[in-house]
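Proteins come first, then strands; the chains are lettered A, B, ... in the order of their sequence lines, and each starts at number 1. If you're wondering where the values come from, they're calculated on a predicted model, not measured in any experiment.
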2 protein chains.
Amino acid sequence: MSDMNRRSMPLFSIGIVKSLTALTARQIRYYEDNGLIFPARTEGNQRLFSFNDVDRLLEIKELIDKGINLAGIKQMLPTREKPAADTLETPIEPEISDKALRQMLRQELMDTGRLGKASLRQGELSRFFH
Amino acid sequence: MSDMNRRSMPLFSIGIVKSLTALTARQIRYYEDNGLIFPARTEGNQRLFSFNDVDRLLEIKELIDKGINLAGIKQMLPTREKPAADTLETPIEPEISDKALRQMLRQELMDTGRLGKASLRQGELSRFFH
DNA sequence: ATTTTCGTGTTAACTAATCTAACATGTGTT
DNA sequence: AACACATGTTAGATTAGTTAACACGAAAAT
């Protein structure tokens with residue numbers, strides 16, 4: 001129930017999302033303003049994007065490229081985010097020890113690396129290496 | 001060859017890594033100073049961690065908890081990072097179109113979400129939701 | 001039993017990254 | 001012509017991250 005899987009974990013700053021999607025910060029924020037994505041926020045109010053968010057932005061980008069406007073995209077993309085409603089009867093989270101938690105996370109991260117070949121064109125992330 | 005898979009992509013700021021590992025920024029930087037991890041850097045010199053880095057930090061944390069000192073950990077953990085050496089005969093990266101690149105990334109992100117159940121204790125990432 | 005080293009905390013001063021809000025602009029719509 | 005859409009750009013403020021230094025208890029070395 002409590003929808004906190006790895007895909008919805010807030011992990012990425014807007015700078016990273018820019019490089020992952022080749023969208024501008026302006027575009028990303030505009031799409032949020034128009035209800036297409038709902039990134040989380042840090043305590044200091046900075047956006048944090050999940051894999052889901054990045055995925056969704058890539059879909060948006062494709063549709064934009066096809067000439068579809070935001071209104072159309074909003075219709076087409078599955079309207080995620082059904083906040084509230086099940087916030088009430090959360091069945092008392094079964095407490096997990098911190099150690100077990102870390103272990104789980106570690107396992108998942110282990111599983112994550114499955115792409116063998118070079119998947120990113122050289123230069124794409126070159127700004128990160130200086 | 002060009003070792004740029006998803007696990008080694010620089011994605012996470014130190015703030016995120018802190019919350020993922022429950023290490024302090026001080027600890028993370030200290031481990032870097034002592035050659036245990038090698039996060040990438042942004043143009044502006046800020047650290048960017050990969051899944052590999054986070055994974056490795058979690059291993060370090062476990063060993064630390066077991067009372068092993070950094071010298072010991074350094075021995076035990078597989079010494080990643082063999083820079084140079086194969087930087088020369090990179091066989092001319094086969095150019096991939098930007099569109100294909102995005103598509104691949106999108107696919108991978110799709111694949112990424114496989115954890116079904118609630119995996120993080122409530123409160124663990126609560127700082128992200130305000 | 002001192003002296004050092006190790007691992008971490010804390011602080012200060014600085015720089016990078018991000019935020020909101022406003023105004024600008026080209027393209028398409030009414 | 002006037003307007004809305006989608007994006008660029010800029011300014012000013014705030015948050016997040018950086019290095020370097022000093023502090024300090026616990027462990028190791030002398």
Side-chain angles (χ1 to χ4, degrees), chain A residues 10-50 53-54 56-77 125 127-130, chain B residues 10-50 53-54 56-77 125 127-130:
Chain A
L11 294 174
F12 308 115
S13 68
I14 199 170
I16 292 296
V17 175
K18 282 190 342 184
S19 63
L20 289 177
T21 61
L23 294 166
T24 66
R26 183 68 167 97
Q27 287 178 297
I28 295 167
R29 297 192 187 110
Y30 185 70
Y31 301 155
E32 181 187 14
D33 289 343
N34 287 84
L36 288 173
I37 49 171
F38 308 92
R41 297 285 180 135
T42 66
E43 285 185 358
N45 199 39
Q46 300 196 177
R47 290 172 183 79
L48 281 184
F49 300 82
S50 66
D53 292 327
V54 175
R56 196 171 171 84
L57 283 170
L58 289 169
E59 298 186 63
I60 292 171
K61 186 184 168 68
E62 282 182 12
L63 296 173
I64 289 279
D65 288 346
K66 288 181 182 168
I68 303 171
N69 66 13
L70 291 202
I73 294 174
K74 198 167 180 177
Q75 295 288 347
M76 302 173 63
L77 290 193
L125 291 173
R127 81 199 68 179
F128 296 136
F129 302 104
H130 277 262
Chain B
L11 293 174
F12 308 115
S13 68
I14 199 170
I16 292 297
V17 175
K18 282 191 338 183
S19 63
L20 288 177
T21 61
L23 294 166
T24 66
R26 183 68 168 97
Q27 287 178 298
I28 296 167
R29 296 194 187 109
Y30 186 70
Y31 300 155
E32 181 187 14
D33 288 344
N34 287 85
L36 289 173
I37 49 170
F38 309 92
R41 298 283 181 138
T42 66
E43 283 186 359
N45 198 40
Q46 301 196 177
R47 290 172 183 78
L48 280 183
F49 299 82
S50 65
D53 292 327
V54 175
R56 196 171 171 86
L57 283 170
L58 289 170
E59 299 186 63
I60 292 169
K61 186 185 168 68
E62 282 182 12
L63 296 173
I64 287 279
D65 288 346
K66 288 181 182 167
I68 303 169
N69 67 12
L70 291 201
I73 294 175
K74 198 168 180 175
Q75 295 290 350
M76 302 173 63
L77 290 192
L125 291 172
R127 80 199 70 179
F128 296 138
F129 303 105
H130 278 261

Rounded to the nearest Å, what distance is computed from the [atom1] atom of residue [X] to the [atom2] atom of nucleotide [N]?
{"X": "B:I64", "N": "C:dT8", "atom1": "CD1", "atom2": "C1'", "answer": "10 Å"}
{"X": "B:L23", "N": "C:dG9", "atom1": "CG", "atom2": "P", "answer": "10 Å"}
{"X": "B:L70", "N": "D:dA28", "atom1": "CG", "atom2": "C1'", "answer": "15 Å"}
{"X": "B:Y31", "N": "C:dC6", "atom1": "OH", "atom2": "P", "answer": "14 Å"}
{"X": "A:I60", "N": "D:dA6", "atom1": "CD1", "atom2": "C1'", "answer": "13 Å"}
{"X": "A:I28", "N": "C:dC19", "atom1": "CD1", "atom2": "C1'", "answer": "14 Å"}
{"X": "A:D33", "N": "D:dA6", "atom1": "CG", "atom2": "C1'", "answer": "12 Å"}
{"X": "B:E32", "N": "C:dG7", "atom1": "CD", "atom2": "P", "answer": "16 Å"}

Determine the minimum heavy-atom distance between [X] and [Y], stating which atoms define it.
{"X": "B:L20", "Y": "B:L58", "answer": "O-CD2, 4.0 Å"}
{"X": "A:K74", "Y": "A:N34", "answer": "NZ-O, 3.1 Å"}
{"X": "A:D53", "Y": "A:P39", "answer": "OD2-CA, 3.7 Å"}
{"X": "A:P10", "Y": "A:L48", "answer": "CB-CB, 3.7 Å"}

Could you list all N or O pairs between the protein and nucleotides 13-18 of chain D that sit under 3.5 Å apart?
unit_1: D:dA16; atom_1: OP1; unit_2: A:T42; atom_2: OG1; d: 2.9
unit_1: D:dA16; atom_1: OP1; unit_2: A:G44; atom_2: N; d: 3.4
unit_1: D:dG17; atom_1: OP1; unit_2: B:S13; atom_2: OG; d: 3.2
unit_1: D:dG17; atom_1: OP1; unit_2: B:G15; atom_2: N; d: 3.0
unit_1: D:dT18; atom_1: OP1; unit_2: B:R47; atom_2: N; d: 2.6
unit_1: D:dT18; atom_1: OP1; unit_2: B:R47; atom_2: NH1; d: 3.0
unit_1: D:dT18; atom_1: OP2; unit_2: B:R29; atom_2: NE; d: 3.3
unit_1: D:dT18; atom_1: OP2; unit_2: B:R29; atom_2: NH2; d: 3.0
unit_1: D:dT18; atom_1: OP2; unit_2: B:R47; atom_2: NH1; d: 3.4
unit_1: D:dT18; atom_1: O5'; unit_2: B:R47; atom_2: NH1; d: 3.3
unit_1: D:dT18; atom_1: O3'; unit_2: B:R41; atom_2: NH1; d: 3.4

Using heavy atoms to find the nearest nucleotide of DNA chain D for A:R26 and B:R26 separately, return the residue whose nucleotide is more 5′.
A:R26
Examine C:dG9: is either OP1 or OP2 under 4.0 Å from a nitrogen or oxygen in the side chain of B:Y30? Give yes or no.
no
Is B:D65 reaching over with its side chain to a backbone N or O of B:E62, donor-acceptor style, under 3.5 angstrom?
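Side chain of B:D65 to backbone of B:E62: no pair is present.
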Does B:L36 offer a backbone N or O that forms a donor-acceptor pair with the side chain of B:R56 under 3.5 Å?
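Judged by distance alone, yes, a pair lies under 3.5 Å.
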